[in-house]
Every structure is written in structure tokens, then in C-alpha cells.
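All residue numbers refer to positions in the sequence shown, counting from 1.
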Amino acid sequence: MLEQTIRAVVYKEGDWWVIRCLEYGFVTVTKRREDVPSEIRRFVLVQVAASLKYGIEPFRGYAPAPRRYWEMYEKANPWEEPLPPVELPGDLGPNPTLEARLAA
């Protein structure tokens with residue numbers, strides 16, 4: 001079962017906006033800051049869909065992000081607006097809430 005809240009810290013690295021999930025330690029990137037919310041949603045949905053296709057628990061094998069990213073998240077500013085909810089396919093339990101904070 002997925003975590004009720006999936007948190008991500010967002011920061012700029014070179015020309016890229018890096019999105020690092022805390023609970024599952026995944027990383028994804030986007031070139032434009034305004035694409036961050038949709039990229040987080042997209043990544044979660046792709047992982048869940050792939051897991052369902054192969055009959056495994058979503059995010060199985062993912063470890064939480066290293067402590068320094070949790071600390072970065074704690075010091076970061078909340079994302080400007082609430083992120084759109086993730087509507088999970090199938091019977092995976094409640095849909096998780098997405099939260100992001102900007103550390104850049």
C-alpha cells in the first residue's frame with residue numbers, strides 16, 4: 001500500500017529542476033519549474049501502472065531518500081499552490097496526497 005502522503009523536495013541543479021521524493025527516494029527532473037507538479041504526478045502514476053502490470057507492490061524496492069534531503073525539505077518553502085491529487089488505478093487504497101517544497 002502506498003504512503004498516504006508522498007513528499008518531494010524540489011531544487012535547481014544546473015538547467016534542471018530536480019524532484020526528489022522522500023518516502024521512496026525516486027528522482028525525476030524537468031526543465032521548467034511550472035512542470036514540476038505534473039511531473040511528480042506523472043512519475044507516481046507511471047510507477048504504479050508498471051507495478052500493476054507486473055503484479056508487484058508499487059515502489060517495492062525503493063528506499064527512503066537520504067537524511068540530507070529530508071533536512072532540505074524541512075528548511076524549504078511550501079510549493080506555491082496545492083498539487084493536484086493522484087487518482088490511482090485499481091484497488092490500491094486511498095489516493096495519496098502529494099506535497100512539495102521548494103529548496104531553490
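- For the residue pair E39/T30, the side-chain donor-acceptor check at 3.5 Å is not satisfied.
- For the pair K31 and W17, the NZ or CZ position fails the cation-pi test of under 6.0 Å to the six-membered ring centre and within 45 degrees of the ring normal.
- Partners of V27 by side chain to side chain contact (heavy atoms under 4.5 Å, CB included), not counting sequence neighbours, listed by chain and number: V18, R20.
- For the atom pair L83 CG and I40 CD1, the distance stands at 5.0 Å (nearest 0.5 Å).
- In this structure, the side chain to side chain contact (heavy atoms under 4.5 Å, CB included) partners of P84, at least two apart in sequence or on a different chain, are P37, R41.
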Using a 3.5 Å cut-off and no angle test, enumerate the donor-acceptor pairs between side-chain atoms of residues 61-72 and protein atoms at least two apart in sequence or in another chain.
{"from": "Y62", "atom 1": "OH", "to": "Q47", "atom 2": "OE1", "distance (Å)": "3.1"}
{"from": "W70", "atom 1": "NE1", "to": "A65", "atom 2": "O", "distance (Å)": "3.0"}

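- Contacts of E87 classified as side chain to side chain contact (heavy atoms under 4.5 Å, CB included), with partners at least two apart in sequence or in another chain: N95.
- Note that CZ of R101 is 12.5 Å distant from NZ of K75, once rounded to the nearest 0.5 Å.
- With sequence neighbours left out, the ring pair (Phe, Tyr, Trp, His ring centres under 6.0 Å) criterion links Y73 to no other residue.
- V29 is not listed as a side-chain neighbour of I19, based on a closest heavy-atom distance of 4.5 Å or more.
- For E34, the salt bridge (charged side-chain N to carboxylate O under 4.0 Å, His left out) test picks out R32, with sequence neighbours left out.
- Within the 4.5 Å cutoff, side-chain heavy atoms of C21 are placed close to those of I6.
- In this structure, OH in Y11 is found 12.5 Å from CG in L102, a value given to the nearest 0.5 Å.
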